[in-house]
Amino acid sequence: MSELQLILRRPAEAARRATEGESLRTLVATSLAAIVCGAAAFGGVVGSFRGGLQIAYAAVKLPLALCATLAIAVPAFHAIGVALGQRWTFRGVVALSLASAARGALVLFALAPALWLAIDRGLAYHATALAATLAFALSGVAALAVLLRGLGGHGLAQLASAVAIASVFLLVSGQTSWILRPWLVRPRTEDVPFVRAREGSFADALARSSLSATGRYEGER
């Protein structure tokens, strides 16, 4: 069975190999290739809503965002495990994180043709944003299937590790995605930058969105 099949069909075995250090070089190389190719394909499809240069931009930025997130978050994952009494090696955490992200990226790759077809058939802007968000959610669930099997421990220790790691990943990936926006651009937009000027942080954007949802807007007294 190839590493790709292992990651997709046997997450428990992929997690075991990662945490026990078995054939790590092949597993890590395959995981990195899957992350880059899967994320690039899905990013290109999202960029196709605007078309033109945005396709290339999104195809480059999505793998970059995912790899940057892992580079920042993996040391935190290891620290969380040590603090909660998990017997993890840093090398094992790196391999496990890559295998988890690879499974998520492969799910994005599988969903990319359906999203592209929907966009080609005239899917509206907000519906496209929702469809892309749902695809990311499904890929996250798929990645979690590998990660949870590699956490080890039982009961509260495993639950605390899972919640802490998921929280760190969401915060870091959210900020990274915010820095590298725009992603989904309306077709009528004339000039699309590779990244927008910095306008606060991801947390600031969440706070503004929460206020807007309650009918309060920035600048109001």
Side-chain angles (χ1 to χ4, degrees), residues 2-5 7-8 26-74 94 97-144 146-147 169-199 201-202 205:
S2 70
E3 267 66 23
L4 284 178
Q5 291 175 315
I7 292 169
L8 277 174
T26 304
L27 181 63
V28 167
T30 302
S31 296
L32 283 171
I35 290 169
V36 172
C37 294
F42 191 82
V45 168
V46 172
S48 71
F49 188 86
R50 165 61 172 78
L53 199 55
Q54 180 61 18
I55 296 175
Y57 282 171
V60 170
K61 289 193 294 183
L62 190 54
L64 181 61
L66 188 51
C67 289
T69 296
L70 291 174
I72 296 169
V74 166
V94 170
S97 300
L98 287 172
S100 301
R103 195 166 195 256
L106 289 172
V107 169
L108 289 179
F109 184 80
L111 294 173
L115 180 60
W116 176 81
L117 180 61
I119 291 173
D120 186 62
R121 299 295 296 176
L123 192 66
Y125 177 86
H126 292 293
T128 300
L130 178 59
T133 301
L134 289 175
F136 281 118
L138 288 173
S139 72
V141 171
L144 195 61
V146 179
L147 189 61
F169 182 81
L170 288 174
L171 289 172
V172 175
S173 62
Q175 182 62 32
T176 304
S177 299
W178 176 257
I179 292 171
L180 291 175
R181 74 196 195 288
W183 299 96
L184 186 64
V185 182
R186 296 180 186 274
R188 65 173 179 267
T189 304
E190 293 183 3
D191 297 317
V192 181
F194 184 73
V195 294
R196 289 178 182 166
R198 184 177 177 182
E199 300 171 355
S201 66
F202 178 61

To the nearest 0.5 Å, what is the distance between CZ (Phe136) and OG (Ser173)? 10.0 Å
Enumerate donor-acceptor pairs with a distance under 3.5 Å from any side-chain N or O in residues 98-121 to protein atoms, sequence neighbours excluded.
unit_1	atom_1	unit_2	atom_2	d
Ser100	OG	Leu96	O	2.8
Ser100	OG	Leu147	N	3.3
Arg103	NE	Ile7	O	2.8
Arg103	NE	Leu8	O	3.3
Arg103	NH1	Ala142	O	2.9
Arg103	NH2	Leu8	O	2.8

Excluding sequence neighbours, so at least two apart, what forms ring pair (Phe, Tyr, Trp, His ring centres under 6.0 Å) with Phe169? none
Side-chain donor-acceptor pairs under 3.5 Å in residues 45-70, sequence neighbours left out?
unit_1	atom_1	unit_2	atom_2	d
Ser48	OG	Val45	O	2.4
Arg50	NE	Thr189	O	2.9
Arg50	NH2	Thr189	O	2.7
Arg50	NH2	Glu190	O	3.1
Gln54	NE2	Pro182	O	3.4
Gln54	NE2	Trp183	O	2.8
Lys61	NZ	Leu180	O	2.7
Lys61	NZ	Pro182	O	2.5
Lys61	NZ	Phe194	O	2.7
Thr69	OG1	Ala65	O	2.8

Closest approach of Asp191 and Pro193, non-hydrogen atoms and distance? O-CD, 3.7 Å
Closest non-hydrogen atom pair between Glu3 and Leu27, with its separation: CG-CA, 4.0 Å
